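Each remark here refers to the structure printed beneath this line.
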Amino acid sequence: MNIMYNLVYPPRWAVNRVNIYGGNPADFEQFAAFAARAAARYPAVKYWSVWNEPDAESHWEGGGAEFARLLKVIAPAIRTANPAAKILPGGVTGSPPLAERFYRDLQRAGARPFFDIYEYHYRNVDLHRKLMREFGWEDMPLWNTEAAEGEKGAAHLVREVISGFAAGVKRTFVFLYAIEKKSPADFEEFGPVVMVDNEGRPTENFPVVYTMSREINGIRSCEDRSGKNLALFAWRNLKGEERYILWGKGDTRAVTLRSSGPLRVVDAVGNERILSPFDGYVSVPATEVTYLNGAEVIPAGEPMAELGNPCSTPVFGTEFQIPVRFHNPSSRPFRGKALLAASPDWEIPTVEIPLELPPGESREILCRLKPRRLTDASASRLTLQLFREDGALSACDQRDINLATALGLSLRSAFRWGEPRVRALINNPTAAPIEAEIRFRSFGKNGKTAAMPVTLPPLTTSSVYFNPGLKAGEVHGRTEALLTYPGGAVRRVAELDWIALKPAGNPPIVLNRRTDYIAPSRILFQWEGPQDLSVKAKLGWNPEHLLFFAEVTDDVHSAETDPGLLWQRDSIQFWFDGRLFDLGLTSKGAVLHRHDVRSKQMKIPFSVTRQGNVTRYQIAFPRPDGKQWRENDTVAFAFIVNDADRGAERKGWMHYLSDIGEPRCRAATPEITLVKE
């Protein structure tokens, strides 16, 4: 192992202006003296990274020009204390505009002699290679010192590491191994990527990273041989042996390869198979990362064995059909058998298929499987194996499927006659009516119970309402529902919010307290009261639109010209029906940025104006399906008001309903129910 130390974020007494992460050092010479003492104290540490993501103004103010001034002071101090030390410039973010602007500033400021390794975080390796060529910095090593992103997990990390090696990255740092959580319920931004939990137990990421580390141990060179539908990398180890890593692009699920001999095939979590070629061909899964060694391979077209999508939703206790497709790439007839297998405790867990395929021919077969009856939804993995006539395995594929109960049940908040209700939505996907019973229970001092029979027509979704007995003014509660029917049961427990929206609007939403102001870090920042940032907003609806109006008081207006970076400056973001929108005022006028392709088809009126210290935002959302809004419609809706002062990146935000500034919190956004006056 090698250690890299990171010099970053002085204490508050040592900065001029406190920002979200601390602030720039007030005295560069003093900070350099500290760095020199650290380098002298730890002579075994060769690598010293100065700062963290300095292209983001929330981390570092002044851009690359100001950072170059720091490097010119700190690099000589560290090198004097330890002549063997290597300097890295902080690792830029995964934002291409920010990263490129920062490194161009460094280049113009003549900072190249004051760092030894080009450092970046997460992605965009092609951008960084381009900049290195343009600047004449190709003699400098390229390191990725934060690989993997919170919402993507370990599978994304593996792809990033391998493609980085092929693009010339010399070292990649896994981010991250462990981070302490005070309790399991605590939210931690990078929790989804850790490899071990508080007690040191492996998470689901651990076997993926461990398998990668084991399989590419000793890697010395890596070549990208990818095509349109397949990412394929050939690498060599210390002995000069060539090995392979692949994964599919787009819809590619499996791939046939020409192979000069038997192949050891290892999946993302370390499961191993030996494939023996049929007339020089094998077929391997490509939905996940797959490691290969033992013989030379060349992509050879469509898979020899492939699992398709189930013809209907797999339901517990009910047979379902799944297509399997076979192809013979050889000039010789194929004779053998295929085996489709699911969980061994299923009622029909396997299908064996005798197979004879003429040269070059393909065939699709519908297979029937039947999962055992359980009481709730779950996931399962199907595997397909193709054996030669002599019993040797030549091809395989696998697919994860979600199993459903015969009846679907979900709980939502609703209103009837102006009073809160629990609405149970029961889906009967079968072609026959079902007689069932549903039992409700609400929790709390005024908790109620109720039971009622329901007749569920075929191929329909039915609604059943329950009065949870909320106290006057109560808008949150917990409810349980148990649906029983011949041969099965479904249980749901839901935390529900009863938020009613009248056509004329509800009382104004006012955000003007310190507790309304949420920073994207545990480190506090400066907030100088309601004149610094406060909000007064109104919501309403009519048949055409859900209406939003807000007056934002903000003493400094910070605008962004790039719509994709609108959220980093003064703006409002909306989470509406599972879609994210950014609304802001730029030098070119009001801009609405839509984060997905679907929402670009929606006609959404909006405006933003500013007078004095007040910015006024208006937006009107149509119903996503193009129909009119009506009573008892529900929609997930939340907003945050971003604040950025003095041209800096956003320092924090105020939010209503849920904190959508953190992507993993958006799924928890409550629904608003439309009611009449």
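The structure presented is a predicted model; accordingly, all values stated were derived computationally and were not measured. Just so you know, these numbers use all the heavy atoms, side chains as well, and skip hydrogens, waters and symmetry mates. Heads up: numbering here begins at 1 and tracks the sequence.
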From [atom1] ([X]) to [atom2] ([Y]), nearest 0.5 Å:
X    : Y    : atom1 : atom2 : answer
L580 : Q573 : CG    : CD    : 5.0 Å
D577 : R598 : CG    : CZ    : 6.5 Å
R335 : L357 : CZ    : CG    : 10.5 Å
N428 : I434 : CG    : CD1   : 4.0 Å
L232 : E223 : CG    : CD    : 9.0 Å
T211 : E215 : OG1   : CD    : 7.0 Å

Decide, yes or no, whether a salt bridge links [X] with [Y] under the criterion of side-chain N to carboxylate O below 4.0 Å.
X    : Y    : answer
E242 : R236 : yes
E288 : R253 : no
K239 : E241 : no
K370 : E347 : yes
E480 : R441 : yes

Decide yes or no for [X] and [Y]: does some side-chain heavy atom of the first lie under 4.5 Å from some side-chain heavy atom of the second?
X    : Y    : value
R325 : S362 : yes
I245 : L292 : no
T669 : F637 : no
L407 : N427 : no
R630 : L674 : no
W247 : F233 : yes
I274 : V265 : no
L425 : L409 : no

If I compare all heavy atoms of [X] with all of [Y], which pair ends up nearest, and what's the gap?
X    : Y    : result
M304 : L386 : O-CD2, 3.9 Å
K249 : K228 : CD-O, 3.4 Å
D397 : A305 : CB-O, 3.7 Å
L246 : A286 : CD1-CB, 4.1 Å
F466 : P468 : O-CD, 3.3 Å
P277 : R388 : O-NH1, 2.5 Å

- Could you check I322 against L366 for side-chain contact (heavy atoms from CB on, under 4.5 Å), going step by step and ending with a plain yes or no? CA-CA 6 Å; I322 183 165; L366 283 177; over 6 Å; no

Pair [X], [Y]: side-chain N/O donor-acceptor within cut-off below 3.5 Å:
X    : Y    : result
R579 : S599 : no
Q398 : T383 : no
Y485 : E435 : no
E160 : N144 : yes

With distance as the sole test, does [X] use its side chain to make a donor-acceptor pair with the main-chain N or O of [Y] at under 3.5 Å?
X    : Y    : value
D267 : T290 : no
S330 : R332 : yes
S260 : E296 : yes
S442 : K448 : yes
W575 : R666 : yes
N328 : P358 : yes
R421 : S413 : no

Answer yes or no: are there more than 12 heavy-atom neighbours, outside [X] itself, under 6.0 Å from its atom [atom1]?
X    : atom1 : result
D596 : CG    : yes
R368 : CZ    : no
Y210 : OH    : no

Measure centre to centre between the rings of [X] and [Y], then say whether the value is under 6.0 Å.
X    : Y    : answer
W235 : Y291 : no
F278 : F334 : yes
F574 : F621 : yes

- Run the side-chain contact (heavy atoms from CB on, under 4.5 Å) check on E437 and V454 step by step: do they pass? CA-CA 6 Å; E437 181 186 68; V454 287; over 6 Å; no

- salt bridge (charged side-chain N to carboxylate O under 4.0 Å, His left out) between R123 and E146, worked out: CA-CA 9 Å; R123 53 187 180 269; E146 275 189 27; over 6 Å; no

- Establish, for the pair R478 and F443, whether the NZ or CZ atom is under 6.0 angstrom from the six-membered ring centre and no further than 45 degrees off its axis. yes

- Test the R363-F326 pair against the cation-pi criterion, namely NZ or CZ under 6.0 angstrom from the six-membered ring centroid and within 45° of the ring axis. no

- Please lay out, stage by stage, how V324 and I353 fare under the test side-chain contact (heavy atoms from CB on, under 4.5 Å). CA-CA 10 Å; V324 293; I353 308 163; 4.0 Å; yes

- Carefully, step by step, assess V158 and V208 under the rule side-chain contact (heavy atoms from CB on, under 4.5 Å). CA-CA 8 Å; V158 174; V208 178; 3.7 Å; yes

